[in-house]
Structure formats: C-alpha cells, structure tokens
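Here's the structure we're looking at; comments come further down.
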Amino acid sequence: MQYDPKELDRKWQAEWAKKKPFAAKDNSERPKYYVLDMFPYPSGAGLHVGHPLGYIASDIVSRYKRLKGFNVLHPMGYDSFGLPAEQYAIQTGQHPAKTTEENIATYRRQMDSIGFSFDWDREVRTSDPSYYKWTQWIFLKLYDAWYCKNADAARPIERLVKEFEQHGNRDVNAHCDETPLFTAHEWNSWDGAKQQTVLLNYRIAYLSEAYVNWCPALGTVLANDEVKDGFSERGGHPVERKLMMQWSMRITAYAQRLLDGLDGLEWSESLKEQQRNWIGRSEGALLGFKVQGSRFKVDVFTTRPDTIFGVSFMVLAPEHELVSQITTATQKAEVEAYIAKAKARSDRDRMADVKTVSGAFTGAYAEHPFTGSPIPIWIGDYVLAGYGTGAVMSVPSGDQRDWNFATHFGLPIPSVIEGSELSKGANESKEGVLENSDFLNGLPVKEAIKRAIAKMEALGIGKGRINYRLRDAVFGRQRYWGEPIPIYYKDGIPYPVKEEHLPVTLPEIDEYLPTETGEPPLGRAKGWGYDPKLGVRNTQNEQKADTDKPRGFQFLLNFIVEKVRGFFVWLKGLFQPKNELFPFELSTMPGWAGSSWYFLRYMDPKNDGAFASKEAIDYWQNVDLYVGGSEHATGHLLYVRFWTKFLKDLGYLPFDEPAKKLVNQGMIQGVSDKAYRHHSRSETSGALIGREMELPIFLSFGDKRVYSILVSAELVHSMFGKGGIDVDNELIQSTPQNVPIDCVDKGLVNLEKLIADHSQFRDTIFLCSEGLWYQNTLLSNQDIQKHKLGWVDPEYRDEHGNSYYRSSSSATFTTIQEVEKMSKSKWNVVNPDDIISRYGADTLRLYEMFLGPLEDAKPWNTNGIEGTYRFLRKFWNLFHAGDAFSVSDDAPTKPELKALHATIKKVEDDIEKLSLNTSVSQFMICVNELTELKCNKRAILEPLTIVLSSFAPHICEELWQQLGHGESISFATYPKFEAAHLVEDSFSYPISFNGKTKLQLELSTSLSAAEVEAIVVAHPEVIKRLEGATPKKVIVVVKRIVNVVV
RNA sequence: GCGGAUGUGGUGGAAUUGGUAGACACGCCAGACUUAGGAUCUGGUGCCGUGAGGUGUGUGGGUUCGAGUCCCUCCAUCCGCACCA
C-alpha cells in the first residue's frame, strides 16, 4: 500500500467526526489542561496559510497533553458579530446572519481539512442568542456595579444606593465621574430619574456625553484601539472627534490592577510592554495655580514637581474650559483666532506636524504657589485636552517641548538643575541636584520630588497623584450586527432590562442603514420595544405571526397553547394597568464584548441558567495556553482581562486573569509579485515612456479610452538598475502594481491566464522586452521600428484594416517579488486547501511548524514543502515492504533504541518550549537513522508513532490501526523516556589547540579528566603539533572538549 | 524621538545556554535508474585555496583556556508607542 495522504485525511477526519475522541470530559480525575486559540472572525475570504499556524501549534500541544494524561479542553468557535458582514449586508441587502453562516461553513470545512482536534460539541458563536444572552447578562452586571476604591474592587450598586440613603456620598470612595457632594436627605428627596442620573456617574457601564472617535464612513463610533493614526483600523476611513451621548466602560478603574497583573503572566515581553504603554501610568503631583484677579484655579499634573521653581509660564489646551473665561479683552481676538485655527486642523495633521510651535497668550497670569510671582498663561496645541488636566506648568529648562515653546515666544528659561546647559535644549535628565529652588536647593532630583510633594500636601496646594493614559472604553456602536444593549428608556432615563427577559434579540429590519433622522439601524425596527412585565416585544411581528400558520397536529397543539396562554394574559391584564412599550437603546455592543468572556463559555457552552456553572469554572479555571496574534495586544487582551477581573470582584470567578501563558504566533507573510505601473496621464506621456526606454514609440490612448500600462520588472531594471526606480520619476509609479501570484511562475507572468482569469487586466497594455503585448497579441519592437510607428493605439488599423499587433504568445513579462502581508487585495494569498489537496494535511501541519520558530514572522514559501512530504513517505515506508505492511517483533538494537529515545526526549522538551520546528527536524533525523538501520521493529515504530501523532495525526492513526490497535491513537500514552539508552561508551573528543579544533580522539566516556589529559598529551599527533613545546595548560571537560593551551 | 526584538551559508533555519558553528530541510553540483522527467535513489556542497592550510555567526573592541552565545561601541532591519506634561 502506497502512502495516500488524501485517502487517509478523508478516512480519519470522518472517523474523528463520528467517534469524537477529542471531547473534553466535564468530570475527570485527570488533571485539566485548557488550550485556547484566539477567536476567529469568520471573514468571507476564508483561511489562508497564515491562519492555521497558531491552530496547528495549539493542536500539537493539545494532542500531546492528552497523550500525557491530561483532560484537555481545546475548543473553537466564532466571533461572528462584526463590521464586514454588515457592510456586505448594506451593499447586497443580504442578512448578515446568512453571510456569517456561509463564512462559518467555509471556515469549518477548512479547519476540518487540517485535522484539528477541537471539541466541536463546545462550539460557540457570539451572534447566537443563547450566547449573547450572557453577554447581555454581564453587561447588566457591569451596569449594576460601581468601583469601590477602598475595597479596590467592583461592588454591586445596591450597596451604594443604601449608603446614599443613609449618609449621602460623603464617605464614598469610588472611581467615578466628578459628582458634587450630597446628603442622605438630598438623595432621598430626589425622584427616581434624578437618582438614576447620579448613579450613572458611578456605574461601571455608564452613559455619558463625551468626545468619541466618530467614523462617518462606517457610521459608528470606535474605541481608541480601533483607531490608528486618525483612521479606522478596519477599512482605513477617517475618524473625527465628536461629542456624543455614549455607553462606556469604566476600564480606567482597573488601570492599576491591569498593570500589576502583567507581572505574573507568562506573556511575551513585547506584549506586556504594549499593554503597559497603553495603560501609561505616570507618577507625579496634581497642583493648583490661582489665576490672578479671579476666582479661577488651573489644575496641572506634573511628573516633575521638583522643578516647580523652574516654571516660567503655563500652557492650556485650546479646548480647555477656562480659556474663554480668563482671556483678557486685549488678547481675545488673538486667542479666538488661534482656537479656530487649532480646531480646523485634524488630529492627524496635528500629529504629523509636531515640530511647528504655535500658541497664543491669554493675557492672564497665574500665581506661583510658593513664590506668589506672576506666571503668564498661554494656550498651545501641544497640550492635549484629553490627557491629565489639559494644562501644564511649563518648565522650559526641564522639558523639551516647553523649551521649544519658550524659545519660540521668547519666554525665560530659568535653570533649576545645577550645571544644566540650556542654550541648545532642555535638560530632561532625572539625575542632578536642584538649584534656584528655595527649600529644594541641594537635593538630588528623586529626593526633591518627594520633598516637593510633601510640602505641597502640607500647604494644601497640591498632592501626589498617579495618572494613566488609559481612557474609558466606548461601548456603544451605531450598527446593526452586534449584541443589543439590554437597556430601555423611560422619560429619557436608561433602565436595565430584567434578567429573566434576556436575551434581547436583534429585530429584523428592512435595511442595514441609519434611519432618516440619523438614528442607528435598530431605529428601523418599528414596534420593537420593551415591556417591563412581558419582556421584549415586537408588535409588528406579533401581528404578522398569524399569517404563518403551521398545519396539522402542530397547529392544534399551538392553538391550544396559545389560547391557554392568551387566557392567562387576559386574566393578568384584568388586574394590572395597561402595558407600556418602552424604546430600547438603539446602539449595539462592540466586537470586543462577545470575545471578552468567551473562554468561560467553552467550559459549559449549553448552560441556560448561567454563563457557566460554578463546577465547570472551578474545574477548568483559566486558560493554560492561549495562542493568537499580537494585533490584539491593546484591544481584546486588555478587555478580556478587565472583564475577568470584574467577574472575579463579583464572586463569579475564582481567578482574575484569563490566560496564564500566551504565545503570539508570528505572521506568515505573503510573497507578492509586482510589476510597475505607468501613469497614462496624457498622450505625451506615451512619447516620454518610449524615449526613456529607447523605444521609438508613442502610446496613444485616443479620446475615449484610458489603458492602464504595466511595465515588466526586467525592463525597468535594465533601464533604472536593480535598485528600482527613482521615487521622483513621474512616469512609472514607485509603488508597483500587484499581479495575482497564481498567474506567475518564478517571476514570469502567464499573460494569457492573467487576462482570462482577471477581467481588470483585460485592457492593460503590457510593456515587455519583446514589445507591447495587448489582449493576446504582440506588437514587437521590430515592427515598431520597421513601420516607424510614431504612436500605437491598440484599436488602430492600417489601410487594410489590420492591426499592427500580431498574434503571438511569446512575451516575457516579469515581476519582482516582495514580502508583505497576505491579503486578498494584494493577490498574494496562498490557500491551505491547495497545499492539502496536493500533499495532505499532515504535510501542511509539519511544514508550517518546520518553517521556523512559532513566534517569528516569516514569508510563506512553498519551496521546502517537498522535504516534509518526503519525510512522511519515508516514515510510512518503515512500516511497509513494497506494498505490504511489514513490522517485525524482534528485539530492538541499541542504536535503534537510541534513535527512538533521543526523539522521545527532544520532542517532549520542545513541545514544552513550543519549539516545534526543532521537533520536526528531530523526527527527520530519527527516521533517517531508522531507514539507514532498516528498522521495522514494532518496539521502535509503535512508540515513535505515538510521539509523531500530535504533529501528523492522520498518518499515525492509520499506522496505529495497521499495528493492530482498535482505538484512536489519541487514547495512547506518551512513551516513557529512558536515559539509559542514550548513554555512550565512548566519545569522540575534539582536541583543540588554543581553542581551534585540530583533531578528534575517540576515548572511553568512563575516563576521568586527568586520564583523558594523560592520553591526549601522550598522543603522537599531539606531540607532533606541539613541536617539542610543553603545553602551558590542558583543559579537559569530560564528554565535551579538550583544549591544549600553548 | 522613546521602548522592544532581531542580525548565522544561495534560502528557511539549528547549536545541549560559554565547549567540534552551519544539525534538519530547500536549492545547487555530480552520478545511478530511465525513451523521458519537475519521479526515485547515491554522493558532494560556508567562503578562499589544486593542496597543506587559511578564514568565517552585521561592525569594532573587551572578558575567557575557549565567545554565535557574556560585556561595551557602532551599523542595519522589523515591530510597537509617539507632543502623555
């Protein structure tokens, strides 16, 4: 029997689907191990070869842990709410649920074809009402909670209400919005609406008016992590600041815990660093400066309170609320002009242009808190409204931006650190000793910071303060395809939907667009609302439902049930006031809502009474190994930690971190093929290109058509050199045009295939070494010269009606290769399906691992895949003589045992380190040795099959069966490593002279260092090399090396 | 600018953590079998040199009997953050 990977894939995937050997046990005596892959969003493009990299690694670990006796939870599901499906729905009218369903089917088929050992019975989808019921439930918990700083934990809101009723908010130490003090009496005198409004200041999920990232193109707000350089991460649309009423999450309450928690996690340093940067903790002081001649005070935050005597001016952000109130009449015009100018600049412009110093003087002065001397107050857009207090005390001697500002506007730069050289820039160093600083003089910086804060606190002018860059997370999205926020409004005040009425399911709507009045798409659901007694209602559907009549017995049953229920509703109605229908919140939750707790749902995915049972959570705990991309560093991975800590605070979880260990698989990049694009800006550019290329041609585009022109890379390189084109060259774009890789073979484009498969290239003129190629015809350079053609229009005919283009297929059009992100739009996607259909799933799995370290980014290159395929065939051949299965029961020899046990050990160590590329090498070494030894012994091959089975499960299941086992190899036990088999009697010592190896000596391993030395110095070859000299020293490391020092 | 990571043959990459640099694989070269081969098998393959030998892990220096590995300097590439007070 020949190795037939296709057949084995089919056979074993069907077998696994039927027998489910990978189902995790809910109750088990075995230790648990939870391996999780990051939730995929099922995009329409399907999986490319980069996606499974992490899945293969985690699958190997899962299968290995099962062999090691663990009860393994290795689930998979879909983060199935999201923008792309909705964008598609807007374009086509197709319900996003349908698109999502289709995409999931593709993902599932592809994942199955790779042979993953997922426990599919635990699959979850965020868009499934039985799932998002619990997302909504968690939202309600967040809504009904506040953050108590004394306990440093979230607490249910009822306790806060009780406190308000008894003592007002005087003693409440909460992480909340600024709330004026009120007494118990005041609280109790307020009506429900007023009380609710105040409570929103405390809730962890709260509604407030705030500046948000509004993306007009997507018609929704975005969280900070979804905005990159002023553009949306998805789609790259511009984002602007907008003041809006928004649901937000008080993640800032958790800033310190999110920071501290990082220390105990086995996550990559770069990932932890990204989270630290994002949280952005800085220590310093908050102090107030009185504005002279007014009742106002400007609060500033500074990390350098020691430099307080170096303050020579203050700067407020242009948006700062005090600006309009303190600006003097004479400065009013200038200040207003500056504010207008600052507003007109987009965030992106502002960021791009950090070098230009700009600002305006308000005319007002503040009072130095220690010296009382006047300090001019300026405004400037280098001060950000969103950070700290939106105002700074400027110390030009100690801060470069302040120095720039002072230098530009001619403000004084007093030195406060001894020996500062301030003519070229500020001294930002935290080393040095204070001067010109009153009570701080002579103190080193670190000491002075402490002293300054102490003094400020003593005088009541400031206090020590820790500031974070982290902002609260905007939670509402003005979109359809997400979880409805379970909130309804009564008189404009938000109230929570009752727990028993969850889930609030998505209503059907006619179009996935905002309403005419600008409300989110959910505003289109007419008659959709909440009845606090009956729950979610859709009055239009209720009427419509009568028309879809079931038949037969089912009809009769429904009829009776309906009548009975109707009777009770009627009865109930008699004793109750008429039900009201309240409008729901119209925004939906962001993509990260469902993914912030999904790892918990896998523990108990079908539970209808809780997000997961306590028993399941206590058994499975948190994730032991989490595998996914680093792009989630500041989004998903921060939010999931936040929700985990929150659920821990409320007593729902016994742990407060979602994943102990996390590995980022490196991105697999694509290798793109690119040609150069020529600008066909005008008729004359055709002439120009001809001249540049020393081709006597024009390209005329006529009046009606514009042809795109691609230039062969080879041609460009022959003209401009391999370095590519001068960026300033107007004729040929320096950003080349991608060509689909399936139409290119080793840099040579198959033009016929290209224009046949991709209609967008049909009207392209290809300029190559032979001439011009257009729609399967070639106008050769010779023809161009022969006919002395001044210009060439593909449509042109000579007097006989013949085109100058001749039919020809010989055109050498070449591309250059470039490594970049794999994406559909770049036409460089390699689909795993193609690899699998050629080599089978096991080869793909092995090859992806063999490519290099898991965490490194690497370009996909199919060149080496033959090697892994050959390896599998060699492995198969160990079990087969010709076509027949042939395994002997003879006792193994020492070298055979050595090869086996070296592999058992190496693979075990490697999997623990996730160094899977070296494991594959080890398998190859082992099989090479066994082939050399002609080993077909069961005692060797059987354990080896088990070891290999986590990497190449299909072939191993088959051979396991052929070896006579009735049960899946996943129930086998990982072979025990026996070190005795690796012990060698002798070792070939490298003998080096001054560290350079010169010869080898085979010596017994039982010899001591002294014995080895004696043999070495007496050896004729060594004596010869010493040429009579006595070695100064001989270093012997047993079983390693001998070094003779001369 | 700040922070993090990484630099090893023609290529992907290994190196027991200070002990024979280049394992394993691709590619390439030679040979065998073949009508043929982009199939299979065998051998070779860091570079220079016919050879002995020399040289070699981005650069330059240092520690050491011994450095790809540790320390310092510079250079390059990638990633993240970026007026954060």
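Sequence lines set the chain letters: A, B, ... in the order given, protein chains first and strands last, and positions in each chain run from 1.
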Touch class at under 4.0 angstrom, heavy-atom based, for Arg276(A) against every strand present: nothing
Arg401(A) side-chain N/O to C84(B) phosphate OP1/OP2 under 4.0 Å: yes
A25(B) versus C41(B) - spacing of their P atoms, nearest Å: 12 Å
Lys858(A) with Asp856(A): basic N within carboxylate O range, under 4.0 Å: no
Sugar-phosphate, base or nothing in reach of Asp856(A), heavy atoms under 4.0 Å: nothing
Nearest-nucleotide pick for Val392(A), side chain only, options being A85(B), A82(B), C65(B): A85(B)
Pairwise P distance, G66(B) and A76(B) [rounded to whole Å]: 32 Å
Candidates U20(B), G4(B), A14(B) - which lies nearest the side chain of Thr918(A): A14(B)
Ion pair Glu984(A)/Lys898(A), N-O distance below 4.0 Å: yes
Sugar-phosphate only, base, or nothing, as touched by Arg873(A) at under 4.0 Å among non-hydrogen atoms: sugar-phosphate
Integer angstrom distance from the P of U55(B) to that of G68(B): 14 Å
Spacing between Lys998(A) atom NZ and U55(B) atom C1', to the nearest angstrom: 11 Å
Greater than 12 external heavy atoms within 6.0 Å of Glu1002(A)'s CD: yes
Base orientation of U17(B), syn vs anti, 90° cut from 0: syn
Separation of the C1' atoms in G12(B) and U63(B), to the nearest angstrom: 34 Å
Ring center gap for Tyr869(A) and Phe871(A) short of 6.0 angstrom: no
Pairing partner (Watson-Crick or G-U wobble, both distances under 3.5 angstrom) of U17(B): none
Value in whole Å for how far the P atom of A15(B) lies from CD of Gln922(A): 11 Å
Tyr3(A) OH - A39(B) P separation (whole Å): 18 Å
Sugar-phosphate, base or nothing in reach of Gln1000(A), heavy atoms under 4.0 Å: base
Nearest-Å distance for atom pair CD/C1', residues Glu273(A) and C81(B): 10 Å
RNA chain B contacts made by residues 1034-1045 of chain A, counting heavy atoms under 4.0 Å: Ile1035(A), Val1037(A), Arg1040(A), Ile1041(A), Asn1043(A), Val1045(A)
Rounded C1' spacing from G22(B) to G10(B) in Å: 14 Å
5' priority, RNA chain B, between Thr997(A) and Ile865(A) [closest heavy atom]: Thr997(A)
Parallel, tilted or perpendicular: ring planes of His368(A) versus Phe289(A), cut at 30 and 60 degrees: perpendicular
Separation of U20(B) C1' from Leu1003(A) CG (nearest whole Å): 14 Å
Counter-base of C70(B), judged by Watson-Crick or G-U geometry with both distances under 3.5 Å: G62(B)
Same-atom distance (P) from U45(B) to G61(B), integer angstrom: 32 Å
Nucleotide nearest Asp381(A) when distance is taken to its side chain, options C83(B), C24(B), C81(B): C83(B)
Atom pair distance, as rounded to whole Å: CZ in Arg870(A) and C1' in G38(B): 11 Å
G9(B), syn or anti by chi within 90 degrees of zero: syn
Parallel, tilted or perpendicular, as decided by the 30° and 60° cut-offs, for the rings of His901(A) and Phe977(A): tilted
Lys858(A) or Gly388(A), whichever maps to the more 5' nucleotide of RNA chain B: Lys858(A)
Per Leu851(A) side chain, nearest of listed nucleotides G13(B), G12(B), U20(B): G12(B)
Member of Phe951(A), Phe875(A), Phe850(A) meeting the ring pair (Phe, Tyr, Trp, His ring centres under 6.0 Å) criterion with Phe923(A): Phe951(A)
Under-4.0 Å side-chain N/O to phosphate OP1/OP2 contact, Asn917(A) with A14(B): yes
Rounded distance (Å) that lies between atom C1' of U20(B) and atom CG of Leu1001(A): 13 Å
Nearest-angstrom distance from the residue atom CE of Met849(A) to P of A14(B): 13 Å
Phe405(A)-Phe313(A) aromatic ring centre distance below 6.0 Å: yes
Identified pairing partner of G7(B), criterion: Watson-Crick or G-U wobble below 3.5 Å: C75(B)
Minimum side-chain heavy-atom gap Val1038(A)-Val1012(A) below 4.5 Å: no
Lys826(A), NZ: over 12 other non-hydrogen atoms inside 6.0 angstrom: yes
U45(B) pairs with, by Watson-Crick or G-U criteria that keep both distances under 3.5 Å: G27(B)
More than 12 heavy atoms from other groups under 6.0 Å of CD on Glu978(A): yes
Span that lies between the C1' atom of G60(B) and that of G7(B), in whole angstrom: 16 Å
Sugar-phosphate only, base, or nothing, as touched by Pro853(A) at under 4.0 Å among non-hydrogen atoms: sugar-phosphate
Sugar-phosphate, base or nothing in reach of Asn928(A), heavy atoms under 4.0 Å: sugar-phosphate
N/O (side chain, Thr868(A)) to phosphate O (OP1/OP2, A25(B)) under 4.0 Å: no
Integer angstrom distance from the P of G49(B) to that of G38(B): 31 Å
Nucleotide forming a Watson-Crick or wobble pair with U40(B), both distances under 3.5 Å: A32(B)
